[in-house]
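Reviewing the structure listed below.
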Amino acid sequence: MSSTHLADWRQAFSRRNLLATVLGGYVPILLAVAIIVLPLLWMAIASFKPPGEIITTQPTLWPQEPSLDNYRHVADIVPLLTVLRNSLIVTIVGSAIKVVLAITTAYALVFVDFRFAHAVFIAILVALMVPPEAALLPNYMTISALGGRNTLWGIILPGLGTAFATFLLRQQFKTLPKDLLEAAKLDGAGHLKRLWRIVVPVSAPTIATVALVTIVGEWNSFMWPLIITDSVDTMTLPVGLNLLQSIEGQTGSYGYLMAGAVLVIVPVLVVFAALQRFIVSGLTQGAVK
């Protein structure tokens, strides 16, 4: 090994370099993981504990007598099959329509030359700044007038437009080489063929990121489904678990609440684990031009 390489190795493994790497890299990562993972881990473990092991002066991490009683109790109060079915329908249908609308809108803003494209983009930016709560009352009055109370389409319809997804995809589409689209146009490809055979495959990581964010948002949506439905037959899972609120003040109810939270979070974690490799590449793909 040459003296230059040896000096580089010594510098890389010097005390100052190692300290900077540990304090500036590994320690923040470990703290972030601990802050995020430990509460979820405790929640999952507590859902298998009987009340006596949760409310105690000598708590233990692992359940001494693991039990599924908490989940059975939740199933007795909440019609799990009904609310799970409703959540799946709302999430799948709502997410699919949202993603398709975001893709087509972003394509039109970038590749279709129309007069008010800039004004539409400004309106999308403004929509990003408006809190969703501001639209609850107008949406409720509109959907109620259309007969959408206690219906799944009434839950899905108001949220079909997504400014964040459209903005992110627009930024990604602007990075695509225009020569590629021009060549396809010269070959006789129309807008639909250019969109689905060129733009969408090239932008797959960003679209997967948009799909992931949309799926998580639809699955976890609580406020709007809570307002627009009061029938168990049309409640989604987060709203259905709100039926557990009658036991919140009871001693020993924490296990039931933890079990309900696990039922909401686990499907999202599964989807996240399946698509997480697209997140970083998708978010950075549209950010660099």
Inset, instruction - Take Trp153 and Leu146, measure what side-chain contact (heavy atoms from CB on, under 4.5 Å) needs, and give me the verdict at the end. - result: CA-CA 11 Å; Trp153 69 262; Leu146 294 174; 4.0 Å; yes
Inset, instruction - Report the C-alpha separation of Trp219 and Leu88 in whole Å, then their side-chain angles, then the decisive distance to 0.1 Å, and conclude whether the side-chain contact (heavy atoms from CB on, under 4.5 Å) test is met. - result: CA-CA 8 Å; Trp219 181 266; Leu88 286 173; 4.0 Å; yes
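- Inspection of the Asn70 and Ser47 side chains reveals no N or O donor paired with an N or O acceptor under 3.5 Å.
- Remark: Leu125 CG is packed, more than 12 non-hydrogen atoms of other residues, nucleotides or ligands lying under 6.0 Å away.
- No side-chain donor from either of Ser95 and Glu218 sits under 3.5 Å from a side-chain acceptor of the other.
- Remark: Asn86 CG to Thr91 OG1 distance equals 10.0 Å, nearest 0.5 Å.
- A side chain to side chain contact (heavy atoms under 4.5 Å, CB included) with Val78 is found for one member of Leu263, Leu241, Val239, Val232 and no other, namely Leu241.
- For Arg85, the CZ atom counts as densely surrounded, since its 6.0 Å shell holds more than 12 non-hydrogen atoms of other residues, nucleotides or ligands.
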Inset, instruction - Under the side-chain contact (heavy atoms from CB on, under 4.5 Å) rule, what do Lys185 and Arg194 come out as? Steps first, then yes or no, please. - result: CA-CA 8 Å; Lys185 183 178 179 180; Arg194 278 178 271 168; 3.9 Å; yes
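- In terms of hydrophobic clustering, with Ile, Leu, Val, Met, Phe, Trp and Tyr side chains grouped at heavy-atom distances under 4.5 Å, Ile92 and Ile89 are assigned to different clusters.
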Inset, instruction - Show the numbers, then the answer: is there a side-chain contact (heavy atoms from CB on, under 4.5 Å) between Ser203 and Phe173? - result: CA-CA 8 Å; Ser203 306; Phe173 292 170; 3.5 Å; yes
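- Looking at Thr234 and Thr229, their side chains do bring a donor and an acceptor atom within 3.5 Å of each other.
- Considering every non-hydrogen atom in both Gly154 and Trp224, the closest pair reads O-NE1, 3.2 Å.
- Look at Glu65 and Lys49 and you find no salt bridge, because none of the NZ, NE, NH1 or NH2 atoms lies under 4.0 Å from a carboxylate O.
- For the pair Leu109/Ile124, a side-chain contact is recorded, criterion being any heavy-atom separation below 4.5 Å from C-beta on.
- Judged purely by atom type and a 3.5 angstrom limit, Ser221 has no side-chain atom pairing as donor or acceptor with the backbone of Gly217.
- Exactly one of Ile228, Ile143, Asn139, Thr151 qualifies for a side chain to side chain contact (heavy atoms under 4.5 Å, CB included) with Leu157. That residue is Ile143.
- Applying the ring-ring contact (aromatic ring centres under 6.0 Å, His included) definition to pairs two or more places apart or across chains, those involving residues 94-116 are Tyr107-Phe111, Tyr107-His191.
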